[in-house]
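Okay, so here's the structure we're looking at.
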Amino acid sequence: MAANKEPSTIVPLLSRALHRIRSTPPRIIASPATQPRRAAVAIILRVSPPPNYVFPKPSADPSSPANTPAPSLTEFFQLDWVNAPGARPEILFLRRDKPEVGTDGGRMSGTGPNTREAHVAFPGGKTEDGDEGGLYTAMRQTWEEIGLDLAEASYTPIGQLDDREITTSLGKRLLMILSPFVFLQLTPKTTPVDPSPGTSLHWVPLSALLPRPVGDGPRWSSVSVDASSRLAPRHSTILRLLVRLLVGSMKFPAILIPSSPMSVTADTPDEKTLDVKRAQLETAGSAPPSMKRQRSRYAPDETLKLWGLSLGMTLDLLVHMASPEARLGGAGASMLPPDAEAELLRVPVLAPSLASVFPRFGYPDVNFWIWVFGKRYRAVIRGWEASVRAAGTNDRRINWTGSALTTFYAAVRKALIVVIVVRAIFVLLGVLLGSWVLLWRR
């Protein structure tokens, strides 16, 4: 079972990934003078101890381990409760009732009359004038959005993933630069949080995102987006209808996120009950009971999906977990316990392809022409895969995400031009043929 494999595989994989992130300088993208806007998000990880794990009683002795400073990253992954059988590495996602307009979270699509699918994301937001940098932005936005203080000793900043460019749908205009920062919770219990109204927390096991045999295997799905909402001006109704008719819809790959909604009572509990309910709510991904809340707004049939930018940043994290350093005898092997190395020898590349974040179109001919014009895009994907297989040590100067985005949407633009021209020709031929038939019958 996957739960039995987590202590010997996922925990050391997480250790390797976080050590690599801390020691690897991120690829920083400078903001051009014409578009200085930036944003930052916090990717928060924790290791949840087994439910039946018994912690030693805290001691009043100042020299006792309970009063020692927070552990370093290496010391953290040597703690007994972190390596206990059944310990579960998890990642924090948010679900917002009212995402910001213009983001992936602002677009929802239904698969039936009684179903609804929503986007999960990381805490974060735009950089403000008074921010001291991207790390400060991520910490400030996390505090404002969910009431989690990442400056506390219970958390440590690990490092930054590569910057990502946020562009218009066809990649022609830069909107802002996004910087993802990784944090690790150093304590077995999460500090109380206070999400803003309409925001809920979901601690998702990493095993749900990793393929077999290490994890449970991600459950892939898709998110349908009206192509006219991304390719046509918002206030041009006629043009939007024309694009919708000619191009159809876009289907973005998505990973289904497990959700366990539960009610939050309005009663204020005592401290003992608070600890029990807090643990239950952290597992279920709801708001804390420390403040009076209404019943959870989740519908039983609501589907949570990880897609778009959030999926791309998640894959960036999984790439660090997928690095085959242990199989190549590199430095990463020294971080692994002996019982994990044998299992890791059989682990394939864990991260899904970089191509997993790019959409397909509803009309087959559109996808065909994208493939025809996508030679450079496929070359970028092959180069990225070669970099992953080589532990990411080569071609660090290449912005793989940006290059893939640029070449993919260049192929999309060419494909759309061909498709629209071909459709226009067929429509014109149809009109001429119909006119000829009408005239011939006379």
Side-chain angles (χ1 to χ4, degrees), residues 10-11 13-15 17-22 26 39-49 70-73 76-77 79 82 87-96 105 119-125 133-162 164 178-196 199-210 255 257-259 278-279 281-288 304 306 309-321:
I10 298 184
V11 170
L13 284 175
L14 178 61
S15 173
L18 297 187
H19 278 90
R20 285 207 63 220
I21 293 173
R22 174 161 286 183
V41 297
I43 302 176
I44 306 172
L45 300 162
R46 74 176 184 183
V47 177
S48 181
S72 65
L73 186 58
F76 172 81
F77 284 100
L79 296 175
V82 174
R88 187 172 66 178
E90 297 173 332
I91 185 171
L92 177 64
F93 292 110
L94 304 184
R95 187 269 193 192
R96 303 180 178 99
H119 179 210
V120 295
F122 296 111
L135 179 62
Y136 183 91
T137 299
M139 298 173 69
R140 175 184 57 79
Q141 290 279 4
T142 301
W143 168 254
E144 294 176 356
E145 191 166 16
I146 63 175
L148 190 63
D149 189 0
L150 296 176
E152 293 183 355
S154 300
Y155 300 90
T156 181
I158 300 300
Q160 178 186 346
L161 300 179
D162 292 346
R164 301 181 70 90
L178 178 64
S179 302
F181 291 87
V182 181
F183 296 83
L184 175 66
Q185 178 181 303
L186 300 175
T187 57
K189 293 184 178 180
T190 302
T191 55
V193 294
D194 182 22
S196 58
T199 301
S200 57
L201 280 63
H202 292 264
W203 285 102
V204 178
L206 287 179
S207 60
L209 306 176
L210 295 173
I255 295 179
I257 297 298
S259 175
R278 182 179 298 147
L281 289 166
E282 288 171 359
T283 303
S286 300
L304 300 181
L306 172 65
L309 279 172
S310 300
L311 175 59
M313 291 182 286
T314 303
L315 298 187
D316 287 347
L317 175 67
L318 297 185
V319 165
H320 290 279
M321 298 182 69

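Worth saying up front: this structure is predicted, and the values here are computed from it rather than measured. Residues take their numbers from the sequence shown, with the count starting at 1.
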Checklist entry - Any side-chain heavy atom of Phe93 sitting closer than 4.5 Å to one from Leu304? => result no
Checklist outcome for this item: Minimal heavy-atom distance between Ser310 and His119, with the atoms involved, is OG-NE2, 3.5 Å
Checklist entry - Can Leu18 and Phe77 be said to form a side chain to side chain contact (heavy atoms under 4.5 Å, CB included), step by step? => result CA-CA 10 Å; Leu18 297 187; Phe77 284 100; 3.9 Å; yes
Next on the checklist: For Arg88, is there any backbone N or O sitting under 3.5 Å from a side-chain donor or acceptor partner on Arg46?
Outcome noted: no
Item to check | Heavy-atom check, side chain of Leu209 versus side chain of Ile91, under 4.5 Å | outcome: yes
Checklist entry - Got a second to check how far Leu306's CG is from Leu315's CG, nearest 0.5 Å? => result 7.5 Å
Checklist entry - Taking it one step at a time, do Ile146 and Leu92 satisfy side chain to side chain contact (heavy atoms under 4.5 Å, CB included)? => result CA-CA 11 Å; Ile146 63 175; Leu92 177 64; 4.0 Å; yes
Next on the checklist: With a 4.5 Å cut-off on side-chain heavy atoms, are Leu178 and Met313 touching?
Outcome noted: yes
Item to check | Donor-acceptor contact present, side-chain Ser15 to main-chain Val11, <3.5 Å | outcome: no
Next on the checklist: Could you check whether any side-chain N or O of Thr199 sits under 3.5 Å from a backbone N or O of Arg96, counting only pairs where one atom can act as donor and the other as acceptor?
Outcome noted: no
Checklist outcome for this item: By salt bridge (charged side-chain N to carboxylate O under 4.0 Å, His left out), Glu152 pairs with (sequence neighbours left out) none
Item to check | Set of residues satisfying side chain to side chain contact (heavy atoms under 4.5 Å, CB included) with respect to Gln160, sequence neighbours excluded | outcome: Pro26, Ile28, Asp163, Ser179, Phe181
Item to check | Atom pair CG/NE2 of Leu14 and His19 - distance to nearest 0.5 Å | outcome: 10.0 Å
Checklist entry - Quick one: does Leu309's side chain get under 4.5 Å of Phe122's, heavy atoms only? => result no
Next on the checklist: In the structure I gave you, are the side-chain heavy atoms of Phe76 and Thr156 within less than 4.5 Å of one another anywhere?
Outcome noted: no
Item to check | Tyr155 and Thr190: CA distance, side-chain angles, deciding distance, side chain to side chain contact (heavy atoms under 4.5 Å, CB included) verdict | outcome: CA-CA 10 Å; Tyr155 300 90; Thr190 302; 3.7 Å; yes
Checklist entry - Say you draw a straight line from CD1 of Ile43 to CD1 of Ile21; how long is it, rounded to the nearest 0.5 Å? => result 7.5 Å
Item to check | CD-CG distance between Gln141 and Leu148, expressed to the nearest 0.5 angstrom | outcome: 13.5 Å
Next on the checklist: The criterion is side chain to side chain contact (heavy atoms under 4.5 Å, CB included); which residues satisfy it with Ala42, sequence neighbours excluded?
Outcome noted: Ile44, Pro123, Ala138, Thr142, Leu150, Phe183
Checklist outcome for this item: On a heavy-atom basis, the closest approach of Ala153 and Ala70 is O-CB, 3.8 Å
Checklist entry - Side chains of Val204 and Pro258: does their closest heavy-atom pair fall under 4.5 Å? => result yes
Item to check | From Glu145 atom CD to Leu94 atom CG, the distance as rounded to the nearest 0.5 Å | outcome: 5.0 Å
Checklist entry - For His320, which of Leu161, Val182, Leu13 qualifies under side-chain contact (heavy atoms from CB on, under 4.5 Å)? => result Leu161
Item to check | Spacing of Asp316 atom CG and Leu311 atom CG [to the nearest 0.5 Å] | outcome: 9.5 Å
Checklist entry - Given the rule in the side chain to side chain contact (heavy atoms under 4.5 Å, CB included) test, do Ile10 and Ser207 qualify, once you have shown the distances and angles that lead to the verdict? => result CA-CA 7 Å; Ile10 298 184; Ser207 60; 3.6 Å; yes
